[in-house]
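One structure below.
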Protein chains: 2
Amino acid sequence: MNVTGHTRRPASIRDVATAAGVSYQTVSRVINGHPSVKQSTRERVLAAIDELGFRRNATALALASGRSRAVTVLTSNTTHYGYASILQGIEEAARAASYAVGIGVLESAEETAVAAEVQRAADAGGGLIVIAYDPAGVGALAAVPADLPVVGVVETPATAPGGDRPWVWTDDREAAHAVTRHLLSLGHETVHYVAIPSSTRRTSARTTGWRQALREAGAPEPRPVQGNWGPAGGHRAGRKLAEDPSVTAILCGNDDLALGVLRALHENGRSVPGDVSVAGFDDAPHSAYLTPSLTTVRLDFTGLGRAAFALLHGVLEQSAPIAPHRVSVPELVVRESTGAPPAHT
Amino acid sequence: MNVTGHTRRPASIRDVATAAGVSYQTVSRVINGHPSVKQSTRERVLAAIDELGFRRNATALALASGRSRAVTVLTSNTTHYGYASILQGIEEAARAASYAVGIGVLESAEETAVAAEVQRAADAGGGLIVIAYDPAGVGALAAVPADLPVVGVVETPATAPGGDRPWVWTDDREAAHAVTRHLLSLGHETVHYVAIPSSTRRTSARTTGWRQALREAGAPEPRPVQGNWGPAGGHRAGRKLAEDPSVTAILCGNDDLALGVLRALHENGRSVPGDVSVAGFDDAPHSAYLTPSLTTVRLDFTGLGRAAFALLHGVLEQSAPIAPHRVSVPELVVRESTGAPPAHT
DNA sequence: GGCATGAATGTGACCGGTCACACAAGGCGC
DNA sequence: GCGCCTTGTGTGACCGGTCACATTCATGCC
């Protein structure tokens, strides 16, 4: 028990060593579980550790050994549901493995700014997880020096830069494909798409899945409307679509966009799902409680985060093989916002 | 330029020193901006730094000097809008000050689990920011050893444990007071309240503000309904309230609860704001786009996060005085979900 | 000229661990 | 009895910085 009143420097292995009457190296052996320590000695050391309340200094460990039991997560945003959930998953897994979690936010996609953030993350030591769902993230992933252990959380393996880096992903293409088919199967002639900002200059996995489903059904392929991330972007896009009476089904790149679209349709006096069906993406927690509740695809973001950490952990400990990893299958959640198109005019 | 093909150990100050033909200590002086270094020497050293791509090793710095330019944020949740925004504010300010940001999630409010998390955070070195809006956070704040630099983000100073620790807060009581008054001024006889889990066993600041406004107006004081954090909790609470025809105004502890309440009212065929007015708390990004759009109180969470970091920064650098700090004034945002009560039956 | 003073620089120890190696004691084969 | 391997333990250097102190040299002042 710490009974001395004044604050004192925490005990080091040398303090423990003198207390137990051994050398500091023996203490080191005990805390590292080295086999060749006599049982009686080990017990004496453990007793001393307990008594002095010794805790191994993480900083010294990192400096001396090189390995730092830390992950830094690089992301462009911590407030969006998907990103935050991935982060939570990472943290969960990291905690279980007693790793420290650091975060770095990519405020702009501008190249030098991204490079600076990557540098900062590298300085922190340990591994890196980059959420590469958007241009900033993709840029960051590309900017990570080759010798740094890193795992990317990517939209789809095809867009992953570097190619040989380990990554995790959910099958967004398949998910988009599934919702689109759901809408088509309800009788809609085609499905319009409000896109999230693409992670690359080319089209996103979600866009691809949507387009593919249309093509398979022989449905016309309208130009995707560019949204933003948030509801405001969806609202803008929704206003345009609401003016077009031929639009009867809208797929949105995420649930926030869908919310904006829903609002825009309401403002234009078009009912959902009576006149227009709307589907989202992600199954954010509020989507089930909207009126109308939102048809969407559930993605296992926390699982994705856990998998990302597991992969990085493997890389850092040089144990697990490095392999791209698809995590979980997206699940279509049908709610009130989708239905049959209005009777033919 | 790094032209050698193979990965090499990053340059240390001794490498720079030999390259510049000075001692390592002189290099140290240059990077720390020590005044007594001859101009010509300084230039030579800077040139060597540039050429070798030297970057100061954060781990070694932390070990040698004790100070670590790092903050760990302890929070019970990273996905809720308010928490995530505070985190974002902290990160923003920390980045500007080139501090590293770590996170630790308090998964349960159970005492030993919380203590373990605090320990882990302490091990990481640097300062601590604890988001103490809920029992887990409050417990964590209380469990932080006295000699650790820590700043609490608290609901209200009165509930802050330890008392002498620096903290930041927004005036939740005042905010609740303002919305409640708004509802009363519309003509409602009283305002019901769906509470978020309280940070202490006693009532929260929001509850207090609400009650105070009722009291001042001489309105009846109904028992607050206990909600949860998310829309599901609001939904449950809303179902109960929807059954009571005398309920014409409902204030919710946050926007997610309000969403659930909105949904429940809709399911019970009560229109908003025609039959019942609903107000939320926080002004989450989606609240403006709900149908009806939600009247709420905007709180400056990112500002709160920035202020928390600034305070901690002051503590760590021993420069600024330690003072409790109220950040920003909450702002009432009136939208569609509140209106006059239905004509008297 | 002698000496205190300050600027510019170098030296050695230290932070708290790990790593490579040395070394003593005990068991075994021959 | 000698060599050799294994087990248990200790010593010194090192990771990459900082800190306290020593040293050198030029300067100012009496």
Side-chain angles (χ1 to χ4, degrees), chain A residues 7-46 48-49 52-70 98 100 122-126 316-317, chain B residues 7-46 48-49 52-70 98 100 122-126 316-317:
Chain A
T7 299
R8 56 175 183 194
R9 176 170 59 65
S12 75
I13 53 167
R14 317 201 190 226
D15 299 331
V16 174
T18 42
V22 295
S23 78
Y24 52 83
Q25 178 62 324
T26 301
V27 177
S28 173
R29 289 197 181 93
V30 170
I31 47 186
N32 289 306
H34 190 98
S36 65
V37 175
K38 216 202 303 188
Q39 186 57 24
S40 63
T41 314
R42 183 187 309 276
E43 276 159 15
R44 235 167 345 120
V45 171
L46 287 174
I49 285 177
L52 297 176
F54 167 81
R55 312 206 84 218
R56 188 222 240 101
N57 179 322
T59 307
L61 173 64
L63 179 59
S65 66
R67 40 199 149 82
S68 65
R69 300 189 81 72
S98 58
D123 284 354
L316 290 174
E317 319 263 305
Chain B
T7 300
R8 54 175 185 195
R9 176 170 59 64
S12 76
I13 52 168
R14 315 200 191 226
D15 299 331
V16 174
T18 40
V22 295
S23 79
Y24 53 83
Q25 177 63 321
T26 301
V27 177
S28 173
R29 288 197 180 95
V30 170
I31 47 186
N32 289 306
H34 191 99
S36 65
V37 175
K38 215 201 304 185
Q39 186 58 25
S40 62
T41 313
R42 182 186 309 276
E43 277 159 14
R44 228 157 3 109
V45 171
L46 287 175
I49 286 178
L52 297 176
F54 167 81
R55 310 204 84 219
R56 190 223 238 98
N57 180 321
T59 307
L61 173 65
L63 179 60
S65 67
R67 41 199 146 83
S68 66
R69 300 190 79 74
S98 57
D123 283 355
L316 289 173
E317 319 265 305

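Reminder, nothing fancy here: chain letters follow the sequence lines and each chain counts from 1.
- For B:Thr26 and C:dG10, the shortest distance from a side-chain N or O to OP1 or OP2 is below 4.0 Å.
- Taking CD1 of B:Ile31 as the reference point, atom OG1 of B:Thr26 lies at 11.0 Å (rounded to 0.5 Å).
- With sequence neighbours left out, the side-chain contact (heavy atoms from CB on, under 4.5 Å) criterion links A:Arg55 to B:Gln119, B:Asp123.
- Residues passing the side-chain contact (heavy atoms from CB on, under 4.5 Å) test with A:Ala58: none are found, sequence neighbours excluded.
- B:Gln39 places its CD atom 16 Å from the C1' atom of C:dT9, with the value rounded to the nearest Å.
- Rounding to the nearest 0.5 angstrom, the gap separating the CG atom in B:Leu52 from the CD1 atom in B:Ile13 is 13.0 Å.
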Residues 35-42 of chain A, side-chain donor-acceptor partners within the protein, below 3.5 Å, at least two apart:
unit_1, atom_1, unit_2, atom_2, d
A:Ser36, OG, A:His34, NE2, 3.2
A:Gln39, NE2, A:Glu43, OE2, 3.0
A:Arg42, NH2, A:His34, O, 3.2

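- If one axis is set at each end of the helix from C:dG1-D:dC30 to C:dC30-D:dG1 from five pairs, those axes are 50° apart, to 10°.
- Nucleotide C:dT9 holds its P atom 10 Å from the NE2 atom of B:His34, rounded to whole Å.
- Look at NZ on B:Lys38: it is 8 Å from C1' on C:dA8, rounded to the nearest Å.
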Query - Protein proximity profile, nucleotides 13-19 of chain C - base contact B, sugar-phosphate-only contact S, no contact -, cut-off 4.0 Å on heavy atoms - result: --BBBBB
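- Closest non-hydrogen pair, A:Ser12 versus A:Phe54, comes out as C-CE1, 3.7 Å.
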Requested in this report: Could you walk me through whether A:Asn32 and A:Arg56 pass side-chain contact (heavy atoms from CB on, under 4.5 Å), step by step?
Outcome: CA-CA 10 Å; A:Asn32 289 306; A:Arg56 188 222 240 101; 2.8 Å; yes
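- Remark: B:Ala60 engages A:Leu63, B:Asn57 in a side-chain contact (heavy atoms from CB on, under 4.5 Å) (not counting sequence neighbours).
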